[in-house]
Amino acid sequence: MEQRDDQLAAAPTPVPTQDAEVDEYQPPRATPMQEFIALYPLPYAIVSARMLLVSSAVVLCLVVHNVVILVSVFEDDKSQSLNPVLRFAALARVIAAIPRPILWWRIYVLYTAAMREPTTLRVAQRLIAAHRDRRIRCNAALNNVYNVWLLGVITTLAYRYLQRADDERTLFERALCRHACWCVLFMVTSHLVSVVAMLSKIHSGEEEQALHARQLERCSECIEVDEAMQQRLADDPCIICFATFEEKQIVRKLPRCGHLFHKHCADAWLLKHGRGRMACPICSSEIGVELDVEEEKDPQVSRELAWLAEVRRLHPGIDFW
């Protein structure tokens, strides 16, 4: 999760300056992480927020363990004069961790606020905008510092272990080595859990289905088939079930493209197959994009919504069995 924040913090802003001319605006190329958020905003927000709570608790425990190592008086170094470089590194880790809880809370607030948006497109826009927050950028920078710190400590300890016999290694070095191993184990485990949880959320799509159902009712139209419509559509059956439209049946007319389907067919198909992006099964035009863009009063946000919709259109997403 920390590496994902790094990519987003370093990603280019997809919104031009206010004084830029509309005709001159060229949409930036989306980064892989921006593409993932555009396609699966709710799974990303939910898993990231939950993993943030778990990770913050574990990291705080590791920091406390680092403090214990730093202040402990070992029998082979009662004056605490040995290993000055490693002791300074341990102290730097503690100091760098002081502002982290505030930054983590800010990230959690932004993620939960994004999850409350009415459509998946707006959830994606809020997540992309959230990662331009200066405190999240600061957290991403501290993540990079921590990775460099961990690599430096492991490299230093490995070099000393190769240069010395086992009985020449100090107790402080051994304690710090165990601490670094725990840090690496947690980093690998958290990333694996995040990937598995993200794929599981994408596959289930429960949260997205609720948003899609409200979006479908808000922007599409339900029509009762009369005799004239039945005759007009006699040669154009429902493309989902391939059955003809009968009189007094309820059909759903999708916005933008105007394609017609049996209401129960359209609802079932769109809610089942609309992971991240709910689109017409015939022409693949996304449902409700125009409404989101037109209702937005901020021109920058409106432009960013249109850009995200285009990113979603160009990427089919993960094909689950």
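All of these numbers come straight from a predicted model, not from anything done at the bench. We number each residue from 1, following the sequence as shown.
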Identify whether F186 and V64 are in the same connected component of the hydrophobic contact network (ILVMFWY, side-chain heavy atoms under 4.5 Å).
no

Look only at the side chain of H191 and the backbone of M187, and say whether a donor-acceptor pair between them is shorter than 3.5 Å.
yes

Determine, using the 4.5 Å side-chain heavy-atom cutoff (strictly less than), whether I136 and F36 are members of one ILVMFWY cluster.
yes

Please walk me through it: do F261 and C280 pass side-chain contact (heavy atoms from CB on, under 4.5 Å)?
CA-CA 10 Å; F261 310 91; C280 173; 4.0 Å; yes

Could you go step by step and tell me if R218 and Q215 meet the side chain to side chain donor-acceptor pair (under 3.5 Å) rule?
CA-CA 5 Å; R218 184 170 72 105; Q215 175 78 340; 2.8 Å; yes

Does CG belonging to L91 count more than 12 external heavy atoms closer than 6.0 Å?
yes

At their closest point, which heavy atom of P43 faces which heavy atom of K201, and how far apart are they?
CB-CB, 3.8 Å

Between S200 and V196 (side chain of the first, backbone of the second, donor and acceptor by atom type, cut-off under 3.5 Å), is there such a pair?
no

Judged by atom type as modelled, is there a donor-acceptor pair below 3.5 Å linking the side chain of Q231 to the main-chain atoms of A228?
no

Taking W149 for its side chain and A89 for its backbone only, find out whether a donor-acceptor pair lies under 3.5 Å.
yes

Dump the intermediate steps for salt bridge (Lys or Arg N to Asp or Glu O under 4.0 Å) on E217 and R252, then the final yes or no.
CA-CA 10 Å; E217 294 297 331; R252 186 177 291 282; 2.8 Å; yes

Just so I know, are the side chains of R160 and L86 near enough to count as touching, which here means a heavy-atom distance under 4.5 Å?
yes

Does any N or O in the side chain of S302 come within less than 3.5 Å of the main-chain N or O of D298, such that one atom is a donor and the other an acceptor?
no

V311 reachable from L42 in the ILVMFWY side-chain graph, under 4.5 Å edges
yes

Stepwise side chain to side chain donor-acceptor pair (under 3.5 Å) test for T119 and R214
CA-CA 8 Å; T119 65; R214 292 194 294 268; over 6 Å; no

Report yes if some heavy atom in the side chain of E35 is under 4.5 Å from a heavy atom in the side chain of T31; otherwise report no.
no

Centroid-to-centroid, F172 to H179, below 6.0 Å?
no

N143 backbone acceptor or donor facing N147 side chain under 3.5 Å
yes

Whether R126 and E296 form a salt bridge (side-chain N of Lys/Arg under 4.0 Å from carboxylate O of Asp/Glu) is what I want to check.
no

Using a distance-only test with no angle check, is there a side-chain donor-acceptor pair under 3.5 angstrom linking S285 and R313?
no

Tell me whether Q209 contacts the main-chain N or O of L271 through its side chain, where contact means a donor paired with an acceptor under 3.5 Å.
yes

Centre of Y146's six-membered ring, under 6.0 Å away, within 45 degrees of the axis: is that where NZ or CZ of R93 sits?
no

Is it the case that the side chains of E246 and Q230 hold a donor-acceptor pair, with the cut-off being a distance below 3.5 Å and no angle test?
yes

